[in-house]
Amino acid sequence: KVSNEDCNESRYQYVKRGIEFPFQSGKEFSGIINYLSTKSNGNIENVINFTCSSNDWSISESYKPRSVALFNESDKFFISGSHGKDEWICLDFKEHRIVPTHYTVRSSNYKVGNWHPKSWVIEASNDNKTWTTIDQQQNCSYLNGPRYVHTFSINQKQKSEFQYIRMHNTDKNWSNGYCLAIETFEIYGSLI
């Protein structure tokens, strides 16, 4: 849980329960995941569990789901298998809860028209079984290029807090395949 000491740090806004991380243009990777990574001394898997639908590349450390939290390691990114449109990556915030307002995605270092996400949903859950769609993108070109960065507002304003956040393909990517490939993922809102 977030301590009172955390809430008094001047660069974060105190909210009723927890810390608020508002999105600020130019600081695309200064949100909740960056904060938790810093507080865990780089041991992000102690506070967030990263899972995915499939990972045909799991033999390489460079392509694992946790790569989405390694903001300064451009040689690493997440890539799922390509087993159909249901490819996803999920972040389990374990002891914390999130009230999301925005999320930022950086695409992998592939050329335009490659494995970049095109259509997806962002889903949230508290039991990893029942999912609520909180954002949806269709034929989105903002990530169709090498290391493109874009911040998306959560379409459905949330009052609920969630333990799990999942990015889930809903159709083919820009190379007409099904794998989900992103370099980094950050989220903004309240950390409880």
Side-chain angles (χ1 to χ4, degrees), residues 1-24 27-55 58 61-73 76-80 86-106 120-135 151-169 180 182-192:
K1 297 290 183 192
V2 177
S3 69
N4 287 337
E5 176 186 317
D6 294 333
C7 296
N8 292 327
E9 292 183 22
S10 61
R11 65 184 194 156
Y12 307 112
Q13 292 182 320
Y14 176 75
V15 290
K16 186 175 180 182
R17 290 178 53 217
I19 304 172
E20 185 176 339
F21 293 82
F23 169 70
Q24 297 176 16
K27 296 183 178 182
E28 282 75 13
F29 297 101
S30 296
I32 292 170
I33 296 171
N34 181 57
Y35 173 80
L36 290 173
S37 182
T38 301
K39 291 303 260 184
S40 67
N41 295 317
N43 297 313
I44 191 68
E45 290 175 299
N46 289 343
V47 288
I48 301 175
N49 187 39
F50 300 87
T51 57
C52 61
S53 52
S54 64
N55 188 305
S58 61
E61 282 297 314
S62 297
Y63 307 121
K64 294 199 179 273
R66 72 179 292 276
S67 296
V68 300
L70 305 176
F71 303 134
N72 298 316
E73 296 186 37
K76 296 181 180 175
F77 64 93
F78 166 68
I79 182 168
S80 75
D86 289 329
E87 298 295 336
W88 50 263
I89 182 169
C90 181
L91 286 69
D92 171 1
F93 287 88
K94 295 184 178 182
E95 301 299 319
H96 293 288
R97 298 297 177 268
I98 307 295
V99 181
T101 60
H102 297 79
Y103 63 99
T104 298
V105 179
R106 179 165 45 211
W120 67 88
V121 292
I122 300 297
E123 300 170 309
S125 176
N126 280 311
D127 62 6
N128 202 20
K129 295 175 186 169
T130 305
W131 293 92
T132 300
T133 297
I134 59 175
D135 188 65
T151 300
F152 301 86
S153 294
I154 299 293
N155 288 340
Q156 303 295 320
K157 185 161 177 67
Q158 297 301 305
K159 294 181 182 174
S160 300
E161 54 193 63
F162 298 103
Q163 179 178 344
Y164 301 89
I165 302 292
R166 180 167 78 174
M167 183 175 183
H168 189 168
N169 268 354
L180 174 61
I182 59 173
E183 185 179 307
T184 51
F185 185 91
E186 178 62 287
I187 194 155
Y188 304 87
S190 299
L191 173 66
I192 299 167

Would you give the length of the straight line joining atom [atom1] of [X] to atom [atom2] of [Y], rounded to the nearest 0.5 angstrom?
X	Y	atom1	atom2	result
Phe78	Met167	CZ	CE	10.0 Å
Ile98	Leu191	CD1	CG	5.0 Å
Phe29	Thr151	CZ	OG1	7.0 Å
Glu45	Leu36	CD	CG	13.5 Å
Phe71	Thr104	CZ	OG1	8.5 Å
Ile32	Lys39	CD1	NZ	14.5 Å

Residue list, salt bridge (charged side-chain N to carboxylate O under 4.0 Å, His left out) with Glu183, at least two apart or on another chain: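 Listed in chain order: Arg106, Arg147.
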Going by the rule salt bridge (charged side-chain N to carboxylate O under 4.0 Å, His left out), which residues pair with Glu28 if we only count those two or more places apart in sequence or in a different chain?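 Counting only residues at least two positions away or on another chain, Glu28 forms no salt bridge (charged side-chain N to carboxylate O under 4.0 Å, His left out).
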Between [X] and [Y] (side chain of the first, backbone of the second, donor and acceptor by atom type, cut-off under 3.5 Å), is there such a pair?
X	Y	result
Asn126	Glu161	yes
Ser125	Thr130	yes
Asp92	Lys94	yes
Ser80	Leu180	yes

Mind listing the closest non-hydrogen atom pair of [X] and [Y] along with its distance?
X	Y	result
Asn128	Trp131	OD1-CZ2, 3.1 Å
Ile33	Glu186	N-OE1, 2.7 Å
Ile134	Pro100	CD1-CG, 3.6 Å
Gly42	Arg66	O-NH2, 4.5 Å
Phe50	Pro65	CB-CB, 3.7 Å

Can you find a heavy atom in the side chain of [X] that is under 4.5 Å from one in the side chain of [Y]?
X	Y	value
Phe185	Ile122	yes
Leu70	Phe77	no
Tyr35	Ile19	yes

Run the numbers on Ile187 and Phe93 for side-chain contact (heavy atoms from CB on, under 4.5 Å), then give the verdict. CA-CA 12 Å; Ile187 194 155; Phe93 287 88; 4.2 Å; yes
Ser53 and its side-chain hydrogen bond (donor to acceptor under 3.5 Å, both in side chains) partner, picked from Glu87, His168, Arg166: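 Of Glu87, His168, Arg166, side-chain hydrogen bond (donor to acceptor under 3.5 Å, both in side chains) with Ser53 is met by Glu87 alone.
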Can Tyr188 and Phe21 be said to form a ring-ring contact (aromatic ring centres under 6.0 Å, His included), step by step? CA-CA 5 Å; Tyr188 304 87; Phe21 293 82; 8.2 Å; no
Applying the side chain to side chain contact (heavy atoms under 4.5 Å, CB included) criterion to Val68, which one of Ile48, Ile44, Ile89 satisfies it?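 Result for side chain to side chain contact (heavy atoms under 4.5 Å, CB included) with Val68: Ile89.
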Please report the C-alpha distance between Ser67 and Glu73 in whole Å, then the side-chain angles of each, then the deciding distance to 0.1 Å, and finally whether the side-chain hydrogen bond (donor to acceptor under 3.5 Å, both in side chains) criterion is met. CA-CA 8 Å; Ser67 296; Glu73 296 186 37; over 6 Å; no
